[in-house]
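Just below is one structure, and these are the notes that go with it.
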Amino acid sequence: MERTKRIGIIMHGVTGRMGMNQHLIRSVLAIMAEGGVALKDGTMLMPDPIIVGRNADKIEALAKKHGVTRWTTDLEAALADPEDEIFFDAASTAMRPGLLRRAIDAGKHVYSEKPVSEGLDEAVAIARHAQAKGVKNGIVHDKLDLPGLLKLKRLRDLGFFGKILSVKGEFGYWVFTGDDLTPQRPSWNYRAEDGGGIISDMLCHWRYVLDNVIAPVKSVSCLGFTHIDSRLDESGDRYTATADDAAYATFLLDGPDGDIVAHINSSWCTRVRRDDLVTFQVDGTHGSAVAGLHKCYSQHRVNTPKPVWNPDQPQTLDFYEGWDEVPDNTVYDNGFKVQWEQFLRHVAEDGPWSYTLVEGAKGVQLAEAGYQSTKERRWIDIEDLGL
Ligand SMILES: NC(=O)C1=CN([C@@H]2O[C@H](COP(=O)(O)OP(=O)(O)OC[C@H]3O[C@@H](n4cnc5c(N)ncnc54)[C@H](OP(=O)(O)O)[C@@H]3O)[C@@H](O)[C@H]2O)C=CC1
Ligand SMILES: O=C1CO[C@H](CO)[C@@H](O)[C@@H]1O
């Protein structure tokens with residue numbers, strides 16, 4: 001007979017975009033709708049969320065809309081309840097280290113959106129605190145479970161590329177300022193004083209993506225920029241955009257056959273003419289591949305066309321030909337949900353889990369180095385954090 005075990009989760013920041021859509025609806029509620037997470041001994045681990053927010057009407061309405069039976073505005077009381085073992089945070093970045101510390105001190109296992117913090121010292125301190133208190137801890141690393149990146153990693157693991165030479169990443173799209181269309185991202189993203197900034201947002205992703213899909217990052221040169229310095233907020237009021245809204249970053253990676261050069265542009269001020277909102281091209285001696293969020297196309301050296309530069313003639317080659325789509329070969333679930341299932345197994349039965357707050361700190365380290373490089377206009381080496 002199938003047994004069920006409850007696991008209580010305090011979810012904070014779920015009235016926001018990420019917390020609501022990816023973590024509450026598409027992960028925790030989806031897992032509940034599927035009957036829970038199957039543990040090794042056949043027990044079904046069933047999440048029991050309590051959602052916490054500062055606005056009572058908003059959090060109650062969210063709970064009612066999705067059939068969540070427990071909600072509160074009292075985080076202190078929620079943390080004091082020993083029946084809820086996990087604290088999760090997806091609120092704005094600036095508050096995060098303080099919240100994680102309170103939860104760890106209350107004996108909770110902690111799981112969190114990225115980045116762990118705005119600065120490296122805080123990220124290292126909170127990772128050490130979790131280690132010292134012996135609580136399980138995790139950081140979201142959603143891009144690693146994107147089908148496109150899983151395929152890219154598979155190509156690397158199978159040796160498809162030969163010696164990897166370089167990586168080119170393009171991330172971003174046009175985020176409306178409010179002067180024409182309503183902005184599709186929160187205004188705090190564009191205010192440095194509220195934890196905004198695309199370097200802080202994206203370089204923590206690029207750290208685990210490069211480390212795990214290509215090779216470890218060993219140094220960075222970055223130019224952060226605020227292209228648009230005035231935007232309209234959620235109330236239609238004009239504010240000064242103080243945070244960087246584009247980052248042009250070059251990385252040196254410690255590849256198995258020598259250094260790999262990776263360059264990734266991240267921008268909220270670019271119009272998309274490419275396969276997807278993020279694309280990565282990997283070039284190697286034996287083959288190349290281009291991955292988006294879902295799809296990945298490869299070109300082996302035997303299929304590589306031989307262009308000849310002739311500005312006097314219109315181009316006769318179609319460069320999109322000669323690329324083969326890497327097949328799905330499997331069913332891909334939502335990456336946030338996959339990671340929730342892994343973290344829940346990690347808490348319940350010590351299942352495998354690599355993406356601790358230490359990995360989160362490494363992400364913040366790269367972001368901080370990106371800011372330092374921008375400020376000092378030089379390459380910054382990425383040291384071992386010794387954690
Ligand atoms: N992994 C990924 O792909 C992504 C991750 N993120 C990360 O997720 C986090 C949230 O981003 P996003 O969802 O875009 O942000 P939103 O602005 O949409 O949501 C912010 C959330 O934080 C809450 N909040 C803000 N200030 C306070 C406060 N002072 N006290 C209590 N609660 C507060 C808001 O509550 P209220 O509703 O009451 O205002 C809301 O729930 C960020 O850390 C960001 O870096 C963001 C985008 C993508
Ligand atoms: O923080 C982030 C900023 O937004 C991106 C998407 O638009 C996310 O992928 C990312 O996690």
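First listed ligand is number 1; within each ligand, the first listed atom is number 1. In this chain, residues are counted from 1 in sequence order. Note that these values count all heavy atoms, side chains included, but never hydrogens, waters or copies made by symmetry.
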Starting from Val209, can I reach Leu150 by hopping between I/L/V/M/F/W/Y residues whose side chains sit under 4.5 Å apart?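 No, no single cluster joins them.
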Nitrogen or oxygen of [X] less than 3.5 angstrom from that of ligand 1:
X: Thr15; answer: yes
X: Met95; answer: no
X: Trp188; answer: yes
X: Arg185; answer: no
X: Pro186; answer: no

Which residues pass the side chain to side chain contact (heavy atoms under 4.5 Å, CB included) test with Pro327, not counting sequence neighbours? Asn329
In terms of heavy-atom contacts, Trp340 and Ile31 come closest through CB-CD1, 3.9 Å
If you measure every N/O of Arg17 against every N/O of ligand 2, is any gap under 3.5 Å?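 No; every N/O pair is 3.5 Å or more apart.
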For ligand 2, is Met18 a contact, meaning one of its heavy atoms is under 4.0 Å away? no
Fit a plane to each ring of Phe171 and Trp268, take the angle between them on a 0 to 90° scale, and name the class: parallel (under 30°), tilted (30 to 60°) or perpendicular (over 60°).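 Phe171 vs Trp268 ring planes: perpendicular.
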Structural part of Ser92 in contact with ligand 1, heavy atom criterion under 4.0 angstrom: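 Both backbone and side chain.
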Would you mind finding which of Arg96, Met202, Arg54 brings a heavy atom closest to atom 38 (O) of ligand 1?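 Comparing heavy atoms across Arg96, Met202, Arg54, the nearest one to atom 38 (O) of ligand 1 lies in Arg54.
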Identity and distance of the protein heavy atom lying nearest atom 19 (O) of ligand 1: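 For this ligand atom, the closest protein heavy atom is Gly16 CA, 3.2 Å.
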